[in-house]
Amino acid sequence: MPKEYKTIREVVGPLMLVDQVEGVKYDELVKIKQASGEERIGKVLEVNEDKALVQLFSSSQGLKISTAKATFLGHGIEIKLAPDILGRVFDGMGRPVDDGGEIIPTVVRDINGSPLNPVARDYPSEFIQTGISAIDGLNTLVRGQKLPIFSGSGLPHARLAAQIARQAKVLGKDEEFAVVFAAVGITFEEADFFIQDFKRSGAIERSVLFMNLANDPAIERIATPRMAITCAEYLAYELGMHVLVIVTDITNYAEALREVSAARKEVPGRRGYPGYMYTDLATLYERAGRIKGKKGSITQIPILTMPEDDKTHPIPDLTGYITEGQIILSRELYLKGIFPPIDVLPSLSRLKDKGIGEGKTREDHSETMNQLFAAYARGKEAKELSTILGEAALSDMDKLYAQFATEFELQYVSQGYHEARSIEETLDLGWKLLTILPKSELKRISLENIEKYYPEEK
């Protein structure tokens, strides 16, 4: 039976101190009831002997501590789960915000999850088609992978996230695929854009949306991604579905972490973020993957905006250590009108070799990918050279490479918001662009594949 305490000593901002408590646990939920009957919720941030420090989810304004009672509920934040969560929209704390009514749960889970035994992990090896050439062709997403998108403020990462959520699918087998979408600390307009986009395209039928708005409490922001991942674990391991989890924006999550850490008067780490931010981010990212003997899988695409487009900022820096690569959006490409503005050269998918090739995509995938990377890199160098020394300084071959780089950006990287390309279309487009160069330059592709796939007519 939860105990009631009338020993609330003081309230400072969102923090409240409760005295003479016993048996209270870290992260436990607390209900604060006022004499008027009004209730507020908080969670335990710290326990020191018989004192508990509680953080309120809402403002402490108007809270009368002399008559208020604190009840410790004995459990952390939980989410109600059932098969009919698909097609639903929730707020950041898992409360329905659509017109579908309450979820009647088949299970109730703690959102912090339980650690996965590393030995039980299965290696990611199956291709996920996002319909976006710059990802599928060059930085392939593999089932069970964590592949973040590094963006900058003002870049169209929200549209890219909606496009991936709409188009992503597992090829070949007729397996159930679901998208769990968590929006963390976004504006009402952005939230409305995502909800309307999902509804208009019909993607909502196989999706679960968690919307945490910018005016919601910081502590709620920390719960939202965990709500989404717990929901994904249920869909993947209980219902056998392949789940893609998209979380935007991890930067807002880290800011909330810093805010709560400052409220607790913890010693700040790099740029004021808590020293445990690496560990905290890992508790989110490492819940992706596949488990031996289980049919389902969880693939994660966390999206974060790099402050000042700085890749060395603590948030992208730590994320890069934990995840398997990154997709980087370029302001330069965006200003050229290219969508999605994915900068393919610094982008990387560390598991791409595991998800491509014969039986997964096509046998020419690996070789054409390497050739496209090499040709684009040389073409960019040639263009930079012509900017400095003028076009006359370029050899005829350099001019062809410069032309290739321009066409590659316009045709391969840029594809618009509503175009979903199959992997065959992406690979064929790569071959078409390689015809700009003479066959003798295709040094990374075997003669066998050149004979089979090289388009003879230009």
Side-chain angles (χ1 to χ4, degrees), residues 1-48 50-82 85 88-105 107-112 182-185 188 191 209-228 230-231 256-257 259-260 263-264:
M1 184 72 190
K3 278 191 179 177
E4 269 190 358
Y5 294 92
K6 293 182 181 176
T7 50
I8 300 171
R9 286 286 166 259
E10 60 177 319
V11 176
V12 180
L15 300 180
M16 183 176 85
L17 188 70
V18 187
D19 218 348
Q20 297 167 29
V21 299
E22 53 184 51
V24 168
K25 302 193 294 287
Y26 171 70
D27 250 4
E28 190 174 332
L29 278 184
V30 187
K31 195 179 276 184
I32 296 95
K33 197 169 183 181
Q34 293 196 252
S36 63
E38 186 205 338
E39 286 185 352
R40 300 184 195 197
I41 297 284
K43 78 166 184 172
V44 176
L45 277 188
E46 213 172 300
V47 182
N48 191 347
D50 66 341
K51 294 177 177 61
L53 185 67
V54 174
Q55 169 131 18
L56 297 170
F57 286 139
S58 52
S59 128
S60 57
Q61 209 171 354
L63 187 66
K64 201 172 175 192
I65 59 174
S66 55
T67 55
K69 297 174 191 169
T71 308
F72 292 83
L73 302 180
H75 60 78
I77 303 172
E78 293 176 331
I79 180 170
K80 297 172 180 174
L81 296 165
I85 54 172
R88 299 296 304 275
V89 183
F90 301 92
D91 70 1
M93 292 297 284
R95 297 175 290 246
V97 289
D98 52 11
D99 301 325
E102 283 293 324
I103 291 286
I104 298 162
V107 289
V108 176
R109 292 265 162 87
D110 186 304
I111 63 163
N112 292 305
V184 181
F188 177 78
L209 276 66
F210 291 88
M211 294 287 163
N212 167 265
L213 299 181
N215 61 344
D216 289 333
I219 196 89
E220 214 169 280
R221 223 159 341 285
I222 294 171
T224 306
R226 291 183 167 81
M227 287 268 168
T230 307
C231 171
L257 210 59
E259 201 177 308
V260 170
R264 289 168 68 173

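These figures come from a predicted structure and were not determined experimentally. Along the sequence shown, the residues carry numbers beginning at 1.
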Item to check | Residue pair Thr224 / Ala183: nearest heavy atoms and the distance that separates them | outcome: CG2-O, 4.1 Å

Item to check | Shortest non-hydrogen contact between Val89 and Asp98, atoms and distance | outcome: N-OD2, 3.0 Å

Item to check | Short side-chain to backbone donor-acceptor contact, Arg221 and Gly92, under 3.5 Å | outcome: no

Next on the checklist: Please list all pairs meeting side-chain hydrogen bond (donor to acceptor under 3.5 Å, both in side chains) that have one or both residues in residues 67-82, counting only residues at least two apart or in different chains.
Outcome noted: none

Checklist outcome for this item: Here the pair of heavy atoms bringing Val18 nearest to Ala70 is CG2-CB, 4.3 Å

Item to check | Heavy-atom closest pair, residues Ala182 and Ala228 | outcome: CB-CB, 3.6 Å

Item to check | Of all pairs that satisfy salt bridge (Lys or Arg N to Asp or Glu O under 4.0 Å), the ones with a partner from residues 10-22, not counting sequence neighbours | outcome: Lys3-Glu22, Arg9-Asp19, Asp19-Lys51

Checklist entry - What distance separates Asn212 CG from Phe90 CZ, expressed to the nearest 0.5 Å? => result 15.0 Å

Checklist entry - About how many Å separate CD1 of Ile8 and NZ of Lys64, when rounded to the nearest 0.5 Å? => result 13.0 Å

Next on the checklist: Run Lys25 and Val44 through side-chain contact (heavy atoms from CB on, under 4.5 Å) and show every step you take.
Outcome noted: CA-CA 7 Å; Lys25 302 193 294 287; Val44 176; over 6 Å; no

Checklist entry - Does the side-chain contact (heavy atoms from CB on, under 4.5 Å) test come out yes or no for Leu63 and Met16, once each step is laid out? => result CA-CA 10 Å; Leu63 187 66; Met16 183 176 85; 4.1 Å; yes

Item to check | Rounded distance (nearest 0.5 Å) linking atom CG of Leu53 with atom CG of Asn48 | outcome: 10.0 Å

Item to check | For Cys231 against Ile85, the heavy-atom pair lying closest together | outcome: SG-CD1, 3.3 Å

Item to check | OG1 on Thr230 to CD1 on Ile77, rounded to 0.5 Å | outcome: 10.0 Å

Item to check | Nearest atoms (heavy-atom pairs only) where Pro96 meets Gly101 | outcome: CG-O, 3.5 Å

Side-chain donor/acceptor pairs under 3.5 Å, residues 31-43, sequence neighbours excluded:
residue: Gln34; atom: NE2; partner: Gly62; partner atom: O; Å: 3.4
residue: Ser36; atom: OG; partner: Glu38; partner atom: N; Å: 3.4
residue: Glu38; atom: OE2; partner: Arg40; partner atom: NE; Å: 3.0
residue: Glu38; atom: OE2; partner: Arg40; partner atom: NH2; Å: 3.3
residue: Arg40; atom: NH1; partner: Ser59; partner atom: O; Å: 2.6
residue: Arg40; atom: NH1; partner: Gln61; partner atom: O; Å: 3.1
residue: Arg40; atom: NH2; partner: Gln61; partner atom: O; Å: 2.8
residue: Lys43; atom: NZ; partner: Asp27; partner atom: OD1; Å: 3.0

Checklist entry - Hey, what's the ring geometry for Tyr5 with Phe72, parallel, tilted or perpendicular (30° and 60° as the breaks)? => result perpendicular

Item to check | Under 3.5 Å: donor-acceptor pair, side chain of Glu220, backbone of Pro217 | outcome: no

Item to check | Reported OG1-to-CG distance for the pair Thr7 and Asp50, which is rounded to 0.5 angstrom | outcome: 8.5 Å

Item to check | From CZ (Arg88) to CD (Glu102), nearest 0.5 Å | outcome: 8.0 Å

Item to check | Donor-acceptor pair, side chain of Asp91 and main chain of Val97, under 3.5 angstrom | outcome: no

